[in-house]
Engineer: 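I am attaching a structure below and will ask some questions about it afterwards.
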Amino acid sequence: MVPFWARLRHVKWFKSTLNGVNATAIGLVGAACVILWEGAVTTFADAMVFTLALCLAVVYGIGAPWVVLTGGVFGAILHKDALGLGQNEWCSLGQDL
């Protein structure tokens, strides 16, 4: 089976198809992040952890295990039972002002 994939990798239309599948997968991951953002980010602390993880992964190219570990530590520090920083609501939509 391996020689089949090795030969297929050099076929132009197959390479184009793989590029399209890769772009689709990236788009779906981006859409999932937006959906998760709306449901999971409720305080400024949540937004700070999300922003830190995004910057570490995208800007600095740090591997996923380190991003998850750093986000967990940063989230634990900002948790209301630890320092309690940033625990104000992120968005007060639907609430009377």
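In this text, all values refer to a predicted model and were calculated from it rather than measured experimentally. Residue numbers run from 1 in the order of the sequence given. Note that these values count all heavy atoms, side chains included, but never hydrogens, waters or copies made by symmetry.
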Engineer: What pairs of donor and acceptor atoms, side-chain ones from residues 66-78 against any protein atom, are under 3.5 angstrom apart with sequence neighbours left out?
Structural biologist:
unit_1: T70; atom_1: OG1; unit_2: W66; atom_2: O; d: 2.7

Engineer: Extract all donor-acceptor atom pairs below 3.5 Å that involve side chains of residues 45-54 and protein atoms in other chains or at least two apart in sequence.
Structural biologist:
unit_1: D46; atom_1: OD2; unit_2: T42; atom_2: N; d: 3.1
unit_1: D46; atom_1: OD2; unit_2: T42; atom_2: OG1; d: 3.2
unit_1: D46; atom_1: OD2; unit_2: T43; atom_2: N; d: 3.3
unit_1: D46; atom_1: OD2; unit_2: T43; atom_2: OG1; d: 3.3
unit_1: T51; atom_1: OG1; unit_2: A47; atom_2: O; d: 2.7

Engineer: Can you list everything that forms a side chain to side chain contact (heavy atoms under 4.5 Å, CB included) with L8? Sequence neighbours excluded, please.
Structural biologist: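 Partners of L8 by the side chain to side chain contact (heavy atoms under 4.5 Å, CB included) criterion, ordered by chain and then number, come out as F4, W5, V11, F14.
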
Engineer: Could you tell me whether the side chain of N22 reaches within less than 4.5 Å of the side chain of L18, counting heavy atoms only?
Structural biologist: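 No, too far: nothing below the 4.5 Å cut-off.
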
Engineer: Would you please name every residue forming a side chain to side chain contact (heavy atoms under 4.5 Å, CB included) with V34, sequence neighbours left out?
Structural biologist: E38

